[in-house]
Amino acid sequence: MGEALVLLGAVGTLALCAAVFDAVLAVPGGGAGEPLRRVARLLLQQRRRTPRADTLLVRTGVCGLLAVAVLAGAVLPLGERPVADMAVGVVWFNAMEVGAWGALWLVGWGVNSVYPLVGGYRFVAQGLAYELPHMFALITVALGAGSLRFADVVAAQRGLWFAVWMPVAFAVYLVSAVAMAFWGPMDGPVADDICGGVPAELSGPDRLVFQAGRYALLVVVAAAAVPLFLGGGAGPLLPPWLWTALKTVAVLALLVWSGRVLPTVRMDLFTRLSWLVLIPATLLQLLVVSVVVL
């Protein structure tokens, strides 16, 4: 119970930090307080309803996005051990992506409006493009560690971080991480050219929970990079939980920064890049690791 509360507190705190950093990048010197002002406005704002909307589907999707982020984070080590020490933790983390797909699709479909539906379709297309290279990157890590448990993956990096001798898998993971959180260059499902996409018709507390889920998902994918590729809580002098926090903040800052400096990638171009470059590259990395390990 205590570890679960620590997880919720850590995800919530880092999500707020990510929102503040994003606001500062958007309005240098004057945007630090914008996330709190936005929260206050959304809490007081009246919910907007579209004709013949399926409220149950919409609320399920809105809350489901936040739930998926927390469930995915449950298998990540909080310093030395996770909330749920699963033998198939890497598989569990990957499986939670399906929940994110479902959450966005339920919102896009349930509000009964054109632009959110287009955003939902975009996320499905985005998932089909990034999922295979993402999965191969995770398989490469599991093969290098000889285990699907996150604690074993961390232990396997005592001599050398996987990011050093699996650089292709690490780079592909970062690309797929922003795609999973539909952030930065992969924000097509919520892009301005479709009036905000999936959450276009959300308002009030519904929009607030949706945005919280999106930031929480971004935090979790950044945090997962630490045990997968950056040695977990290993480091000199400082305790493991602090090293985990520092590494997570560094990856999270990189992902948030990418959302302000990189343009949105067209999904047809990303799909072509995925099949012609990312998948072959990760398969080659997987082959190299298998030769070294086996």
Side-chain angles (χ1 to χ4, degrees), residues 1-19 56-108 110 120 123-124 126-127 130-131 134-135 137-139 141-142 147-154 173 176-183 186 189 198-199 205-206 208-229 232 241 244-245 248 251-252 255:
M1 184 64 180
E3 291 178 343
L5 292 176
V6 171
L7 172 64
L8 292 174
V11 171
T13 301
L14 289 175
L16 179 59
C17 291
L56 178 61
L57 290 185
V58 174
R59 298 281 170 77
T60 301
V62 166
C63 297
L65 187 62
L66 184 57
V68 164
V70 174
L71 289 173
V75 295
L76 303 181
L78 300 174
E80 295 183 337
R81 63 177 185 174
V83 174
D85 189 13
M86 295 185 183
V88 291
V90 175
V91 176
W92 172 266
F93 174 78
N94 192 35
M96 289 302 101
E97 296 177 45
V98 179
W101 293 16
L104 257 69
W105 176 253
L106 288 177
V107 176
F123 192 61
V124 172
Q126 183 163 294
Y130 84 79
E131 177 57 30
H134 177 76
M135 182 178 64
L138 295 180
I139 291 173
V141 168
S147 174
L148 292 169
R149 178 181 277 112
F150 272 96
D152 295 338
V153 173
V154 172
Y173 174 81
S176 61
V178 293
M180 180 179 173
F182 48 102
W183 186 268
M186 301 299 172
V198 174
D206 292 334
L208 176 60
V209 175
F210 181 89
Q211 294 295 348
R214 187 186 183 198
Y215 278 109
L217 193 59
L218 186 68
V219 168
V220 169
V221 296
V226 176
L228 288 172
F229 294 99
W241 68 267
T244 299
T248 299
V251 177
L252 182 61
L255 299 185

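- Heavy-atom minimum distance, G64 versus A103: C-CB, 4.1 Å.
- Proximity of L65 to V107: side-chain heavy atoms (C-beta onward) are nowhere separated by under 4.5 Å.
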Carefully, step by step, assess V198 and F210 under the rule side-chain contact (heavy atoms from CB on, under 4.5 Å).
-> CA-CA 10 Å; V198 174; F210 181 89; 4.0 Å; yes

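- Atoms CG and CH2, on L255 and W183 in that order, are 9.5 Å from each other to the nearest 0.5 Å.
- The heavy-atom pair separating A224 from F93 by the smallest distance is CB-CZ, 3.5 Å.
- For V154 against P227, the heavy-atom pair with the smallest separation is CG2-CB, 3.6 Å.
- Remark: N94 CG to H134 NE2 distance equals 4.5 Å, nearest 0.5 Å.
- Every residue meeting the side chain to side chain contact (heavy atoms under 4.5 Å, CB included) condition with L148, not counting sequence neighbours, appears here in chain and number order: V88, V90, V91, A142.
- Listed by chain and number, the residues in a side chain to side chain contact (heavy atoms under 4.5 Å, CB included) with A179 are Q126, Y130, M186 (sequence neighbours excluded).
- Nearest heavy-atom pair across P77 and T244 is O-CG2, 4.0 Å.
- The minimum heavy-atom distance between F150 and V75, with the atom names listed, is CD1-O, 3.4 Å.
- In terms of the side chain to side chain contact (heavy atoms under 4.5 Å, CB included) criterion, residue partners of V70 (sequence neighbours excluded) are, by chain and number, L7, L8.
- By the 30° and 60° cut-offs, the orientation of the rings of F123 relative to W101 is perpendicular.
- Among residues two or more places apart in sequence or in another chain, the side-chain hydrogen bond (donor to acceptor under 3.5 Å, both in side chains) test is passed with T60 by none.
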Validation: residues 213-220 side-chain donor-acceptor distances under 3.5 Å, sequence neighbours left out:
residue: R214; atom: NE; partner: F182; partner atom: O; Å: 3.4
residue: R214; atom: NH2; partner: F182; partner atom: O; Å: 2.7
residue: Y215; atom: OH; partner: D22; partner atom: OD2; Å: 3.3

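- Partners of M96 under the side chain to side chain contact (heavy atoms under 4.5 Å, CB included) rule, at least two apart in sequence or in another chain, are V68, L71, A72, W92.
- Although no hydrogens or angles enter the test, the distance criterion places no donor-acceptor pair under 3.5 Å between the side chain of T13 and the main chain of A10.
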